[in-house]
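These notes concern the structure reproduced below.
Order of appearance sets the numbers: ligands from 1, and atoms from 1 within every ligand.
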Amino acid sequence: MSEVFNFCAGPAMLPTPVMAKAQQEFLNWQGTGSSVMELSHRSGIYIAMAEKAEADLRELMSIPDNYKVLFCHGGGRGQFSAVPLNLLPEGKSADYIISGSWSKAAAAEAKNFGNINVIDINQDEQGSASLMSSNDWPLNKDAAYVHYCPNETVNGIEINTIPETNGVPLVADMSSTILSHEVDVSKFGLIYAGAQKNIGPSGLTIVIVREDLLGHAHKATPCIMNYKTAADSDSMYNTPPTYAWYLAGLVFQWLKELGGVKEIAKVNQAKAELLYQAIDQSELYLNHIEAQYRSKMNIPFWLKDDSLNEQFLKESEAAGLTALQGHRIVGGMRASIYNAMPIEGVRALVDFMQEFEKRNS
Ligand SMILES: *Cc1c(COP(=O)(O)O)cnc(C)c1O
């Protein structure tokens with residue numbers, strides 16, 4: 001099979017060296033004669049691997065000591081419930097910033113558990129999509145927390161500065177942006193991310209939570225969603241997604257070998273620039289998001305002539321550029337270019353786009 005570049009938004013491609021290593025170790029992990037996924041999560045050899053993965057993630061993100069790192073089940077959407085269950089006491093309310101479809105879904109779920117103040121920051125100006133500046137967000141100073149989504153995977157909209165919440169804990173759904181560029185974790189109360197975009201296979205969810213926020217969960221919080229229970233049991237209250245945890249550990253090692261988040265951020269910046277430039281310079285492709293809010297991970301683009309969509313998808317697929325169809329609610333195309341996507345993949349896409357435009361103008 002010739003080389004394929006997979007632009008899927010999630011589950012997304014994983015680094016080729018990681019997949020090769022996993023394959024090599026698949027049947028006999030560290031001389032055990034078993035696969036990682038066949039071993040007890042209580043075995044010494046597994047725990048050592050799990051601890052190393054956590055230590056590597058802490059190093060990659062410079063996570064301060066007063067934060068717990070939890071390896072959970074349930075994906076990003078599991079956290080849509082777990083966050084209010086753990087952090088929103090009765091009688092309080094939480095601010096939910098809406099910048100696209102995932103933050104909207106998070107707010108809708110949170111409403112099941114308490115008082116939610118929805119703040120829609122979308123602003124469309126003369127055909128271009130924009131957001132209200134975070135300085136102008138009408139935040140409630142008594143809120144239990146402020147929830148936002150720094151990178152809206154479906155819409156391709158990114159908030160690239162950390163909002164100031166004046167002491168109110170900031171909660172971020174980083175599912176599609178974690179580890180893609182440096183962030184100051186100390187500015188957050190809680191960060192969560194489903195693994196299947198930038199970390200590993202689906203089934204694993206990372207939660208990074210400041211310790212003082214633990215221990216205030218609703219009485220009815222299921223044990224497997226209770227952060228305190230997870231923290232007290234080193235994320236092994238019940239059987240964790242063991243194989244996903246192992247693969248995440250391999251991804252962390254790979255990223256460290258590349259020079260860490262600082263280095264991959266440069267590559268991500270170059271990849272995004274290359275693709276946006278190709279879109280902006282063309283007569284056929286369009287991205288209408290205001291420059292400062294354009295995502296570096298998920299880049300949607302639309303063909304000015306809609307009738308060419310099907311042909312574009314068919315021919316790009318045949319050229320080994322897969323999963324470029326945009327999300328059904330926004331249409332058009334979307335190239336997801338997470339950490340694992342090499343710059344060669346973006347170059348191949350840009351070459352294809354230019355060649356397709358020539359043939360169809
Ligand atoms: C993919 C995604 C989710 C949902 O993740 P699941 O693991 O499918 O629940 C939530 N938030 C964002 C920003 C995402 O990109």
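The closest non-hydrogen atom to atom 8 (O) of ligand 1, taken over Lys197, Arg77, Gln196, comes from Gln196.
The distance criterion of under 3.5 Å between nitrogen or oxygen atoms is not met by Gly74 with respect to ligand 1. For Asp173, a nitrogen or oxygen atom sits less than 3.5 Å from a nitrogen or oxygen atom of ligand 1, counting backbone and side chain alike.
Below 4.0 Å from some heavy atom of Cys149 lie the following atoms of ligand 1, by number and element: 13 (C). Close approach of ligand 1 to Gly76 is summarised as follows: ligand atoms under 4.0 Å from at least one heavy atom of the residue are 5 (O), 6 (P), 7 (O), 9 (O).
Within the 4.0 Å heavy-atom shell around ligand 1 one does not find Gly194. The closest approach between a heavy atom of Gly10 and any atom of ligand 1 is not below 4.0 Å.
In Ala9, neither the side chain nor the backbone holds a heavy atom less than 4.0 Å from any atom of ligand 1.
Heavy-atom contacts from other residues, nucleotides or ligands closer than 6.0 Å to NZ of Lys228 number 12 or fewer. Residue Glu310 qualifies as open at atom CD: its count of foreign heavy atoms under 6.0 Å is 12 or below. Annotation: Tyr276, atom OH; neighbour count of heavy atoms from other residues, nucleotides and ligands within 6.0 Å is above 12.
Inspection of the Asp280 and Asn287 side chains reveals no N or O donor paired with an N or O acceptor under 3.5 Å.
A distance below 6.0 Å separates the ring centres of Tyr96 and His147.
For the pair Met132 and Pro138, the tightest heavy-atom approach, listed with the atom from each and the gap, is SD-CD, 4.2 Å.
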